[in-house]
Each structure stands twice: as C-alpha cells, then as structure tokens.
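Being a predicted model, the structure only gives us computed values, none of them experimental.
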Amino acid sequence: MFTIAKKLNIDIVYRKTSFRLGNDIVLIKSTKQKEWQNFGHELEHSLQHVGQQLNMHYLFRDLQEYQARRFAYHFCVPTFMLQQYNDLTVCDVMNLFNVEYGFALKRLEMYERKLLDEGSTICQSVY
C-alpha cells in the first residue's frame with residue numbers, strides 16, 4: 001500500500017474517517033486487511049474522481065461510491081492473479097490477498113459469476 005502510494009505521489013494519512021483529499025488518502029487506523037481494502041476504495045476516488053462529494057447530486061455520489069467499491073475488489077484481489085489458481089476457497093483468497101472474510105467472499109462470488117457468464121456466452125454463440 002505504501003509502495004503503491006509513493007509511486008503515485010500520494011500520501012497516506014490516518015484520521016478518524018476515510019476519504020481522499022488532494023494527494024492524500026486518509027485512512028482509519030485498523031487491521032492491515034481493512035486498511036488495504038479502504039486504500040483500494042480511496043485510490044479509485046484519487047485516480048478517477050474529481051470534485052467534492054458533499055456538493056454533488058446524491059445519484060452522482062452514489063455512482064462514484066459504486067465505482068470505488070468495485071475498483072477496490074479488483075484492485076485488492078486482481079482477476080489475473082485469481083486466474084492462476086484452481087478451486088480457490090474464501091480462506092485461500094483471504095490468505096493470498098490479505099483481505100477480510102466478507103471481502104474475499106464477495107470477490108470470489110464476482111469472479112465465479114464472471115466465469116459463469118463467459119461460459120454461457122460461449123454456449124449461446126454455438127447455437
């Protein structure tokens with residue numbers, strides 16, 4: 001997390017709430033897993049989003065939050081790395097990627113759904 005932030009010229013600061021402010025990603029001091037997950041979320045805001053969410057229409061703010069949550073799953077547990085393993089369990093994902101149980105479960109479900117969707121697309125194109 002600190003190596004990535006340094007390469008992107010981003011400072012990590014600890015406070016009572018998580019957010020992005022300029023070139024700072026502000027995190028809540030927590031477990032390494034939770035900090036990693038929150039870093040992924042706030043990194044999306046830093047890389048892709050502009051403006052202050054407090055001044056935005058709630059639908060636009062909701063869109064940015066959805067994008068940041070989705071990015072965090074893919075950033076913290078990259079698809080290309082999941083593809084290197086067969087029959088992963090939630091515990092495997094937790095241990096390999098240093099994420100919490102709920103996060104690992106959701107990411108594994110996303111990955112398996114993608115594989116199922118790709119398989120159904122292949123079957124549909126045959127007919």
Contacts under 3.5 angstrom, residues 78-86 side chains, donor-acceptor by atom type, not counting sequence neighbours:
from	atom 1	to	atom 2	distance (Å)
T79	OG1	R107	NH2	2.7

Q: Run through E100, K32, R69 and flag the one making a side-chain hydrogen bond (donor to acceptor under 3.5 Å, both in side chains) with Q37.
A: E100

Q | Nonpolar side-chain network containing L59, other nodes, edges under 4.5 Å | A | Y58

Q: Going by the side chain to side chain contact (heavy atoms under 4.5 Å, CB included) test, name the single residue among V99, N98, L96 that passes it with V77.
A: V99

Q | Results of side-chain hydrogen bond (donor to acceptor under 3.5 Å, both in side chains) for E42 - residues two or more places apart only | A | none

Q) Who are the ring-ring contact (aromatic ring centres under 6.0 Å, His included) partners of F97, not counting sequence neighbours? A) none

Q | Residues that, via side-chain heavy atoms closer than 4.5 angstrom, fall in one hydrophobic cluster with F60 | A | M56, L63

Q | Contact summary for A104 and V93, nearest pair of heavy atoms | A | CB-CG1, 3.7 Å

Q: Search all heavy atoms of F71 against all heavy atoms of G40 and return the closest pair with its distance.
A: CD2-O, 3.2 Å

Q.
Restricting to side-chain hydrogen bond (donor to acceptor under 3.5 Å, both in side chains), what partner residues turn up for N38, sequence neighbours left out?
A. none

Q: Quick one: list whatever passes side chain to side chain contact (heavy atoms under 4.5 Å, CB included) with Q48, sequence neighbours left out.
A: E44

Q: Locate the shortest heavy-atom distance separating L108 from L88; write the atom from each residue and the value.
A: CD2-O, 3.6 Å

Q. Taking atom CZ of R70 and atom CE of M110, what is their separation to the nearest 0.5 Å?
A. 4.5 Å

List the atom pairs, with distances to 0.1 Å, where a side-chain N or O of residues 9-22 and a protein N or O form a donor-acceptor pair under 3.5 Å, not counting sequence neighbours.
from	atom 1	to	atom 2	distance (Å)
Y14	OH	E35	OE1	2.8
S18	OG	I28	N	3.4
R20	NE	H45	O	3.4

(Q) If you compare all heavy atoms of W36 against all heavy atoms of C76, which two are closest, and at what distance to 0.1 Å? (A) NE1-CB, 3.3 Å

Q | Residues which pass side chain to side chain contact (heavy atoms under 4.5 Å, CB included) with K114, listed by chain and number, not counting sequence neighbours | A | E118

Q) Among all residues two or more places apart in sequence or in another chain, which pass the ring-ring contact (aromatic ring centres under 6.0 Å, His included) test with Y73? A) F103

